[in-house]
Structures are given as structure tokens and as C-alpha cells.
> 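Before anything else, here's the structure in question.
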Amino acid sequence: DAALAVPDRQVDSVCPYCGVGCQLTYQVKDNRILYVEGRQGPANAGRLCVKGRYGFDYAHHPQRLTTPLVRREGMSKAGDFVMDPARVLEVFREASWEEALALAGGGLARIRDGHGGAALAGFGSAKGSNEEAYLFQKLVRTGFGTNNVDHCTRLCHASSVAALLEGIGSGAVSNPVMDVLRAEVIVVIGANPTVNHPVAATWIKNAVKAGARLVVMDPRRSELARHAHRYLQFKPDTDVALLNAMMHVIVGEGLVDQGFIADRTLGYEELARNVAGYSPEAMAPLCGIDAETIRYVARLYATSKASMILWGMGVSQHVHGTDNARCLIALSLMTGQIGRPGTGLHPLRGQNNVQGASDAGLIPMMLPDYQRVDNPAARARFEQAWGVALDPQPGLTVVEVMDAIDAGQVRGMYIMGENPAMSDPDANHARAALARLEHLVVQDIFLTETAYLADVILPASSFPEKNGTFTNTDRLVQLGRQAIDPPGQARQDLWIIQQMAQRLGLDWHYGSVADVFDEMRRTMPSIGGITWERLEREGAVVYPCTQEGDAGQPVVFTERFPREGGRARFVPADIIPAAERPDADYPMVLITGRQLEHWHTGSMTRRAAVLDAIEPDPVALLHPLDLERLGVQPGDTVTIASRRGEVVLYARADDGSPVGAVFVPFCYYEAAINRLTNAALDPFGKIPEFKYCAVRLTPGGTV
Ligand code: SF4
């Protein structure tokens, strides 16, 4: 009885869920995690949220994949996902590792040799370690011979990163979350940290209690708004109007930091000219915030001793996501609110290792450490390090890969730990594309909706079953340690990637995870000073840390920005409407996101007993006035349709949702809301518009 058992082993590790990167201790007995406790990490100081505390037992779930599986001869990929484990063996047969790897690698090698490397693509995972991300992208680049490698950063902060790289030369945060405790004014925009970064939210609340002024800006009123000095419920899709109006005030009232602008930036005059056309009076009807409030908040932000901005997917997941982030960057630059403690820009990273996976080069236009693939000098360095000529063309992004499958350009894929059949926009299209592949290899811990479409499934290890490093939202590289063994014949991901590499003709011999990290250090200057021994000793080291013995820099851009000449650049933005606006046929707006208890596509948390017990069913959150108009009671079913599909969920009253909009979490396979979302992309970050599309709601339907 696990409830009565006494642990006989403690293993210090980190949480496998969000980018806050809380440190924890697994309490283990007989290869089972009995419970989890928070420990004194730099990001959490002992705190954990409900996911970190209760979301560990997925690792022991009976639906874990424990044997390699191969699709049965002639078994169609058409038809709906079947979760029933008893029926899995109707579709797949069990295979030995030798046979599965030969089929998996052989199928990909055949496509590469017959059609060229660009006929292949790989999706790695922001849930895997830095070492797994690094080896996966190296396999795609050197084994496939293409830069068609991406992961879910494309679906979360790709637009923020595009704007940050362009404006300040670095895609990571300038200040850690904990810096809210040193800020006078904290702006949280397009983020719901209480749900998505819960321990970060506790630090924000502590800061408010200690006297900081919190400004929450979001079309959906979150719990955090209760703690806000000002809450601005602006209309969905009007971020640029609101932020440009704030900058109009700051410029017009002379609240800019002239010295900072002169010494450390470029392009201010053009920005100032642009925001001159965005007076608060003109923007108020558009964004739904009165002019005086816009003026008040602009003054508050500009004139405090230290103002910090944190943002989330409400900013990034739009066709104008890069423009939204450009405005936030410009706000901080024109007021000099960056480069000091308690200031700066913090895009709250979602997955536990989305920062690290991006750093490690799991993106189609960048080699590790954000060295562009189309930069000959950068490419030459990696060609020398890896001993292989590299493709100079940037590869395809997540959504572009699906379109390339339609076009017959991509014919085979290797997907490790991602679930695009659930997470991609217009998921019906994504599923049809994946089903059309000549050869799909999926490496995962459960039979996900994506794995269901595979030709070969390789059973992998869950987070507590392996060692590796993970980089949190604060740029902290932390050590995750193995607490239990993988079940059955499941294997560690690093072993599987290396086996696949061999089947693709690569002669790799990494003895341990530390060997991989050592190679990363040699090729990635930003972590060059972090040794494995130090990680084992200290558990966490912040980068940039370029020389051994460096303390690391939690606050960056104190003297210069990592751009040519050391100066940041203002980039003006104008209003671009959402790709699909409501109309007579589809009169409401769909906003998607997460719930506190569930994580992304739900493959882990819906198999965690406590979390699933709290939130077991697919729900749609609607304002009570919309429920009344539709004639729907809370708990009734409601059918939501867009131009791309239809799902049925249970209605829930939520007076934080704006009237005319419906919020739906994307974790429920039985009501996969991404069947409805729009695949329109931001042109710079190539991120889809998950936060806005047109839908129609009708009462009733069967979940
Ligand atoms: Fe895990 Fe994030 Fe919760 Fe911390 S806040 S316990 S990292 S999910």
C-alpha cells in the first residue's frame, strides 16, 4: 500500500512541468515514487504547486509503453484515435528493439537516400533534457542532412524570441522571476501565472504584499488580477493599440530616459514618430480601456525606480505576436527599465525545458547557442566540431512541416516526446498530414494521439527515469536526477537517439549524459563555464557563464546589449488584425490555453490520479451572460464549431472571460480544441494564432 509505505531513498531533482523550474525531492521505495517534497531551489525556495506536488504518478501508469511497437501490415492510419489499451494490439504488434530500430532508422534512411534530407523532418521536445535536445538536433542536421528540426517553442514564444533577438540580441529573459521582489511596478500582460507558472505567481503576490504595484493587462481576468493595483481588461487582439498608446503618453509627456536612449539604443526617432499616431483618446474605443487609465499606467511604469514586464502566450500567440513583443521591448528601452535589478523583460517560458531546448539548437534556423544556420562562419564552426557538412538553408517550422507533407515535400518524420496531433493548430489537418507520411517514428512514454499514427513506436523514459540538465525560464541550468528505472523494455531517450543515429550511419559514442553536456559546453559559449562537476555540486548554475568559476549572470544587459555595437534597437509596430475575425456565421472568439491541474496535451497530468480527479472532464469557460444568451446551464454540454471542426464540452461559468469569447483548455483528447484553431502564422516567429479565431456555439451535444 503506497499510502502506508515509508520511503528508503531520497533523490533531489526538478519539477517536470513548467518553466519556473522548482527543485524537489522524490521520496522513493522499491522503484516507486511515493511522494514529492519541495526543496530550497533558487526559483522556488521550497515551494511547489499542485502539479509539482501531485503530478508524479504518471510515471507508474499502467498505460506506459513498455515494448517497441510496429504498425501491423496494411493497418490504416485513418479513423479516430482509440485510447483503449486492449485495442492497441489490433493496430500495432510488439517487436524487439533490434527489429524496431532497424525498421525505424531504415525507413528514414531510405527516404533520405531516395529523396534527399529535406524529405525528412524531426520534432524534438521541450520536455526532454538539454542533452537529448542537443543530440536530437545533431541527428537531424548530420544524419538526415536538413535543418527541418523544431519543437513546441514554435507554439509558445517563437514570436517573443524573434522580437527579442531582433531588438536586444538575446531571446532569453533579462531578469529572473524573483526580481519582482525588487521591482516597484510589475506589469503582467497576456499571462496567467497563477495557473501556468503558479510558484512564480506566489512571488508576484509576495512582492505586492511588500508594496510593489501590480498592473495586470489581459482580456481574461485571472485570479492574479485580484492582487492588482490596476487591472486592464482590454479587448482581445488589441495589444498593439494599447501598448502604442502607452508609449504615446511616455513620449508626449517627456517621460523617456534620454540618456539611456542616446547611449544604448538605435531607432528611437522612428518609434516616436510611429506612436505619435496612437493617442490614448483614439485607441480607447479600440482596446476598451479609457484614455485616463492608459495615461495613468504609462506614467506609473515609466516613472518608477524599477519596473518589470512579464508576459505569456496572450502576447505571443497571435499573427501579430512579434509586434506585441516589439512594443513591450520598446516600452522598456524608452524608459530605461532594463539592465538593472527589478526591471527588464521576462517572457514566462512554458515547458520545463523550452529555454534549454531552444538554446541547444532544436529550432530550424539556429544551430546551438542561436548561431544562425545561414551564417557561414557559425556553420563552419559546427562543421568542424561535428565533422559533417551542414545544410545552409533554414529548415521548416512546426506548422510549415505539416504543409510540406501535403505538398509531398516531407515524406518521413522522427518525433520525440511531442504530440502535434493534439498541439498543432487546425489539428484535423495536422492529423491528416501525419497519417499521410510514408514513414513516421514516434518516441514517447504513452500512446499519444501522434503515436497512434506512427509506423514504429519506441518506448521511452519519463522524467524521473533519467539524468540530464534542464534550463528554466530564468536561464538556470539545473540537474534532473534519475529516481526510478524505466518500466519493461522502455529505454532512456539518449540511448534511443544514439541507436537511431547508428541506423542512419552516424558513428556516435557518448559514454554518458555528462559526455554530451561536455560537447555542448565546447560548442555553446554561453554555458562554456558550467562543468558537470559543478552542476552535481551546486544543482543549478545560471548562464551566461562563459568561464569556469564564473558566478553566472542572473541580470543581463547591465552595460551593453548583445547586438552589433552593443545597442538595442526600437522596432515600431502597427495594428494588424487577427487572421479570422468573428462574423455572422461564427460570431464568438475562441481563446485556448491551459488549466492549473493539466499540462499541455494532457498525456502526463491526465494520468496523474490527483490532478485528473480535480479536473476530469473537458470544459469550456464562458461569461454568465453568454451562458444565459445561449440558454445553457453550467454543466450542460455545448457544441463549439469553427470553419475547421467541431467539439463538444461541458460549459462552465467564468465571469473573468470577456463577453463574446469562450476559453477552452487544449488538454482533452476527447474534445481536442485544436481541431478548431486557426493555423494562420505570425510572419516573423511562425507561431500560430491560438489566442483568436471565430467560432459558433450551440447548446447540447455528446462529449
Ligand atoms: Fe512545477 Fe511549475 Fe508548479 Fe513549480 S510552479 S511545481 S515548476 S509546475
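Just so you know, ligand 1 is whichever comes first in the structure, and atom 1 is the first atom listed for that ligand. Heavy-atom basis, side chains included; hydrogens, waters and symmetry copies ignored.
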> Using distance only, find each side-chain donor-acceptor pair of residues 191-198 under 3.5 Å and give its atom names and separation, not counting sequence neighbours.
{"from": "Thr194", "atom 1": "OG1", "to": "Glu223", "atom 2": "OE1", "distance (Å)": "3.2"}
{"from": "Asn196", "atom 1": "OD1", "to": "Arg594", "atom 2": "NE", "distance (Å)": "3.3"}
{"from": "His197", "atom 1": "NE2", "to": "Arg349", "atom 2": "O", "distance (Å)": "2.9"}

> Check ring-ring contact (aromatic ring centres under 6.0 Å, His included) between His318 and all other residues, then give those that pass, not counting sequence neighbours.
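Scan of His318 (ring-ring contact (aromatic ring centres under 6.0 Å, His included), adjacent residues dropped) gives His320.
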> Tell me, which protein N/O/S atoms are under 2.8 Å away from atom 1 (Fe) of ligand 1?
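The answer, once waters are left aside, is Cys15 SG.
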> Quick one: salt bridge (Lys or Arg N to Asp or Glu O under 4.0 Å) partners of Arg475, sequence neighbours excluded?
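Arg475 satisfies salt bridge (Lys or Arg N to Asp or Glu O under 4.0 Å) with no other residue.
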> Under 6.0 Å from the six-membered ring centre of Tyr668 and within 45° of its axis: does the NZ or CZ of Arg606 meet both?
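Not flagged: Arg606 not positioned over aromatic ring of Tyr668.
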> Give the C-alpha distance, both sets of side-chain angles, the deciding distance and a yes or no for side-chain hydrogen bond (donor to acceptor under 3.5 Å, both in side chains) between Ser423 and His600.
CA-CA 8 Å; Ser423 59; His600 278 222; over 6 Å; no
> Is the Lys NZ or Arg CZ of Arg537 less than 6.0 Å from the centre of Trp532's six-membered ring, within 45° of the axis?
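No.
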